[in-house]
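I have placed the structure first, in the form of structure tokens, so that the comments after it can refer back to it.
Atoms considered below: every heavy atom in the structure, side chains included; atoms not considered: hydrogens, waters and symmetry mates. Quantities reported herein were computed from a predicted structural model and do not represent experimental measurements.
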Amino acid sequence: MTYLSTMPFGSFVAEPPVEAMRQPAAASIQRCYRWLEAASPVLPQVAALAPGLVTAVQQYAAQQYAASLHQSGAVLQTVQHLRATVPGLPAL
């Protein structure tokens with residue numbers, strides 16, 4: 001812990017362990033996929049979100065769980081916006 005004492009106060013930010021991010025990333029990807037699968041018959045344009053989800057899956061496969069979670073989170077934000085503006089889309 002001596003290296004922490006030489007750092008300026010507040011400059012150390014603890015990151016969650018990589019493995020701790022695995023399950024939330026997987027759950028987020030599954031949630032996005034299931035929603036896209038259910039929403040595409042209602043609004044075929046949602047297929048444009050697939051490349052973002054593919055990127056999240058690739059990051060997950062590369063064990064970049066935090067990046068994968070961030071990417072799938074961006075897809076989910078778009079989904080939430082679509083649900084707020086397009087009637088008839090399925091729930092998340």
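Of the listed residues (L92, V75, L53), just one forms a side-chain contact (heavy atoms from CB on, under 4.5 Å) with W35, and that residue is L92.
Although no hydrogens or angles enter the test, the distance criterion places a donor-acceptor pair under 3.5 Å between the side chain of R83 and the main chain of P90. When atom types are taken as modelled, the side chain of Q71 and the backbone of G52 share a donor-acceptor pair closer than 3.5 angstrom.
Residues passing the side-chain contact (heavy atoms from CB on, under 4.5 Å) test with L69 are M21, P24, A25, S28, S72, sequence neighbours excluded. Considering only residues two or more places apart in sequence or on other chains, T78 meets the side-chain contact (heavy atoms from CB on, under 4.5 Å) condition with L49, L82.
The minimum heavy-atom distance between S68 and I29, with the atom names listed, is OG-CD1, 3.4 Å. When all heavy atoms are compared, the tightest approach of A48 to P51 is O-CD, 3.3 Å. Taking all atoms of both residues into account, the shortest heavy-atom contact from A39 to L89 is CB-CD2, 4.3 Å.
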Problem - Derivation and outcome, salt bridge (Lys or Arg N to Asp or Glu O under 4.0 Å), residues E37 and R34 - result: CA-CA 5 Å; E37 188 176 44; R34 288 181 182 134; over 6 Å; no

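Linking Ile, Leu, Val, Met, Phe, Trp and Tyr residues whenever their side-chain heavy atoms come within less than 4.5 Å places Y33 and V42 in a single cluster. Each of V54 and V46 belongs to its own hydrophobic cluster when Ile, Leu, Val, Met, Phe, Trp and Tyr are linked at side-chain heavy-atom distances under 4.5 angstrom.
Rounding to the nearest 0.5 angstrom, the gap separating the CD atom in Q77 from the CD atom in Q80 is 7.0 Å.
Using a 4.5 Å heavy-atom threshold, the side chains of C32 and L76 count as touching.
Identified under the side chain to side chain donor-acceptor pair (under 3.5 Å) test for residues 44-61, with sequence neighbours left out: none.
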